[in-house]
Structure formats: structure tokens, C-alpha cells
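Letters A, B, ... mirror the listed sequences (proteins, then strands); counts begin at 1. Below, all heavy atoms of this structure are taken into account, side chains as well, without hydrogens, waters or symmetry copies. What you see is a predicted model, and the numbers here were worked out from it, not measured in a lab.
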Number of protein chains: 2
Amino acid sequence: MPTSENDSPPVYREIAEDVRAAIASGRLSDGDRVPGENDLMKQYGVARATARQALSVLINEGIVVAIRGSGVYVRAFRPLRRHGPRRLSRELWGAGRAIWQADSPGGSFETDSVEVAEVAAPAYVARALGLTDEAAVVRRHRRYRLEDRPMQLATSYLPAEFAAGTAIARPETGPGGIYARLAEQGRAPAHFTEEIRVRMPTPEETAALHLSAGTPVLDVLRTALTDDHTAVEFNEMTLDGSAYVLQYDFDA
Amino acid sequence: MPTSENDSPPVYREIAEDVRAAIASGRLSDGDRVPGENDLMKQYGVARATARQALSVLINEGIVVAIRGSGVYVRAFRPLRRHGPRRLSRELWGAGRAIWQADSPGGSFETDSVEVAEVAAPAYVARALGLTDEAAVVRRHRRYRLEDRPMQLATSYLPAEFAAGTAIARPETGPGGIYARLAEQGRAPAHFTEEIRVRMPTPEETAALHLSAGTPVLDVLRTALTDDHTAVEFNEMTLDGSAYVLQYDFDA
DNA sequence: CAGTGGTCTAGACCACCCT
DNA sequence: GGGTGGTCTAGACCACTGT
């Protein structure tokens, strides 16, 4: 007997679907309150746990947020735009071709909880930088905030060979940041490669980025190379997935 | 009184943390069975619902999968690599600099459930293509599979003005696909822009891509432009976040 | 202080996998 | 058939948000 499709979905899914439809249709929109546990219990005649389960589906989908003592609300998506290469951007913006509405950074990024240390390179970092395993590297960790909202975590690694003892190994790197310091050494980054993946955050990341449930993060791993393709920096970034749209422009 | 930090986390979080630590430490690795509901109830002396809640945390983090009637297992991450521009790739691969281990497509992609139709352009599509609202476009929807595993959904839009009545508007577009057909018309794509965001999937996407809980998706919105920056195609892709690593190479 | 969501217990029945 | 996860009920106490 073939798997029959006529068995109805569980109640909690149907409830979730009703609420989801109300949001998709625009009957409920950004910031609106959605029916809470007690509402759903009455409306559908179900137990508390079932109403909760329906809401937890929507929370884990990231389309609503629960606020203790207050209610459950429709969540908005208002990301920042992060550009890879900017070459074509202006032409495209001129034509109004950006798809997702995105805020432009009103204020500027603030840097937070900077930690600098000289450490032995983990295997994947050594590989990215073309170093031998456990080679000494300068590690710079920091958090970026925009108007008090944490947006991303970043950890840079640079070979200690040329980074140790320079401004690169100090919390304050001076005007232009580490790329300016690299340029002064004749190691200006000329080529970049970025690898991107998505995943759900760890509890530590959830805390550090103030993520609500159902928010994935983007891992962006960037390797910066000089003109002659020597790797000079490896940067491991973790971005709040609800806060960013990434844009890349390139030629065929 | 300031918010005190000394209140212990709920039991279910501590249980989840224990299991997570076992996975992170390597005591449990890809595909291993993790303690199930009954195990956790006994080990921690908690009720069924509490053990379930602990497991649901890990499931929604995407680090384990539950299989009905069998158990709960550690999940692996073995993605494919999707390249944007390929220019630098060879140099970097040569240096062994790829970070995430990724399979290369053993077989080739198969295309699935192709749907072609001529429709009125939604507002965001019209904007991307530089058309007036509701202008006629050819819409091509399909699913890509790799050895029976669905990997991504894609919907392309091309102005009906030059796409209608051509091979582009047929399910089978012939060798080289729609880009080859565009080139034959003197509209070869020369520039691309891609916007990437990340989110949790809709239930429809979960079904179409066979996603397990805790798997985010990547939305990739690509606009293809000719030499003179006329938009000729807008492609909306939804990728299984557990199946892909994206790579972009570019110059400063 | 009433209402909200967060945690937890102690049951129950079911569908499914595996042996 | 025994064990597994999936759904659901009917309670309880708590912490927090609002007025």
C-alpha cells in the first residue's frame, strides 16, 4: 500500500499554518501582536502545550518573536547591505535594482570587546594562510555594533612573522585599520576570496549577537592575498542572519 | 537591583549543553546515536517533556536529527561548493586554501519539476529587470537534484519581449541552456550581481528540499546584465543551507 | 495585580523502525 | 513486539510586563 497523503497534519501545524497565512496575507504585519497561548487555547480548544508547540514552530521559523509577559509579535526583516566588490554597485543602484530593502548604516560601526593575542595557528587557519601547522599568528577578535545592536563577530589571523610587534598586534590599529598597516609594509591586499555558509548559532553566539530564536547566522571566511598571491590575512566572521544582505558583483 | 546572573539555566538547557559538549569534543561524531528521550529521562531524572525539550533545542540548532522509531543522531555537514566568479579559484585551490571540506558534484545536476509560464512580472522582478510593473515575463521554475537529493529551487524571469516564443520559453532549452540562447540573440550575460540572504524555510520549501528541522536556506537573487548593462535575466534561487558553501573571488 | 510567556510533571495513545 | 520519536492532555509554579 502506497503512503497515503490523506492523513491530516497534526493540530499544532494547522494552527501554525493559520497564523502564518495571516502574516503572509498581510492581515498581520511587522510588529503586530499575534494570538497568544491563551487565545489559541480558546480559539482551537487545545491544551496549553499544543498552543505553545504551534507558536514554537513560528518562533523557530524566525517569523515571530515571543516577549515574556507581553505577547508574541510579527518580526521584521530590515537588513544592512554588505558589499563584496563594489565596482558595479553604483550602476545597479542607479537603475534601482536592489531587491531587498536594506538600511544604510546611519551611524558607523563601533568596535567592541577587542581581544588581541599571539597564538599557534589552528590547522584550518594555517592552511588558509599557507603556513605550517601551529605557526605563530596574531589573532584579533572583535564585535561590531551599530547603534548598540551587535551585528557581527570577527576573528582575524595574520602571520606573526610580519604582524607581531606592529600596530596590527595592538587593539588600536590606527587610521585605515590593519589593511592600511599592511599596505605600509608593502603587503596591500589585492585579491580576496570569501567562503560563505549558513547555520544555526551556538548559544554563545546567540548571547553575543542578541539573537532571537529562529535566527540563522552567516559564516563568512575571507582570505586576503597580495598582488603576488601571498595570503596576508584570514578573517572569520559570523554575521547575524537577520541583519545582513550580502551583495557580490562580478563579470562573466 | 541589577539583573543577577547567578540563577541557573533551566534543566533542559543544561541537558542540551551536555549533549552539545559531547558532540563538540568529538566523543560523539557524525552519524553517532545520541542519548534518546528515555535515556535522558533516566540519566537526569526528568519528565518526558523535559527530555524532549532538550532534544528539540539541538534539533533546531541543526546539529542532530531525530528519526522516528530509531533514535537521534549527530548530523554531518558535507556541502557542495558553489562558485560565483571562478577566476581566482584555481590559484587558491592550488594552494589548498579552501576552508570547508566540500564534495565536488560526482554526478551532474538533474533538473526536476520544470514549469514554464508567461506571467505578469511581480513588482520586485520588474524592478530587477528594469521593466514597467506587470510587464510580461517568461518564468521558468525548476528544482535541481544531485543523485536524488534535492539541492535547490530556482525561478528565472526573462522579459517576454525577447524570450517568448523562443527556446527559452520551452522546458528544454537545448545545449548550453538559456545563457547560450541569450548569447545567440546578442544578449550574452556579461555582468552579474547577486544578493544573498539567509532565513528559515517555509513548510513548502522544507518539503520540496527534504530539509530536516534546524536547516536554514540561502536565498540567492541573481541579476544577469549584458555588456551595455541591460538586465536580461533575474534568477531567484533557494538553496539548502546544509548542502552548500558559496565562494566568491574578487579583487580589491 | 492580572495577564503573558517559560519551565516542568505525569500521564496517554499513536506511527514507525528494527529485530 | 519492544523501543523509538510524535502528538496531546491537564494540570502546576514561576518570572516578567503591563496598567
Side chain to side chain, B/S156 and B/H141, heavy atoms closer than 4.5 Å: no
Min side-chain heavy-atom separation A/M237-A/R222 under 4.5 Å: yes
Nucleotide of D/dC8, D/dG5, C/dA10 approaching B/A47 most closely (side-chain heavy atoms): C/dA10
Is there a residue in residues 52-67 of chain A whose heavy atoms reach under 4.0 Å of DNA chain C, and which residues are they? A/R52, A/A66, A/I67
Using only atom types and a distance under 3.5 Å, with no angle test, would you say the side chain of A/D32 pairs donor to acceptor with the backbone of A/L28? no
Do side-chain atoms of A/T50 reach the backbone of A/V46 as a donor and acceptor pair under 3.5 angstrom? no
For A/N38 and C/dG5, is the shortest distance between a side-chain N/O and OP1 or OP2 below 4.0 Å? no
Does B/T50 have a side-chain nitrogen or oxygen under 4.0 Å from the phosphate oxygens OP1 or OP2 of C/dT9? yes
To the nearest Å, how far apart are [X] [atom1] and [N] [atom2]?
X     : N     : atom1 : atom2 : result
B/R13 : C/dG6 : CZ    : P     : 10 Å
B/R33 : D/dG5 : CZ    : C1'   : 10 Å
B/R68 : D/dG5 : CZ    : C1'   : 7 Å

Between A/R142 and A/Y144, is any side-chain donor less than 3.5 angstrom from a side-chain acceptor? yes
Does a donor on one side chain sit under 3.5 Å from an acceptor on the other, for B/Y73 and B/D30? no
Output yes when A/R81 and B/E195 qualify as a salt bridge under the 4.0 Å nitrogen-oxygen rule, no when they do not. yes
May I ask you to say whether B/K42 pairs ionically with B/D39, meaning some side-chain N is under 4.0 Å from a carboxylate O? no
Starting from the 5' end of DNA chain D, give me the residue, A/G69 or B/K42, whose nearest nucleotide shows up first. B/K42
With A/R197 as the cation and B/Y244 as the aromatic partner, state whether NZ or CZ is under 6.0 Å from the six-membered ring centre and within 45° of the axis. no
Regarding C/dG6, can its base be found pairing with the side chain of A/R48 as donor and acceptor, where the two atoms are less than 3.5 Å apart? yes
Rounded to 10°, the helix from C/dC1-D/dG18 to C/dC18-D/dG1 deviates from straight, judged by its five-pair end axes, by 10°
If each of A/V72 and A/A49 is mapped to the nucleotide of DNA chain C with the nearest heavy atom, which maps nearer the 5' terminus, i.e. the 5' end? A/V72
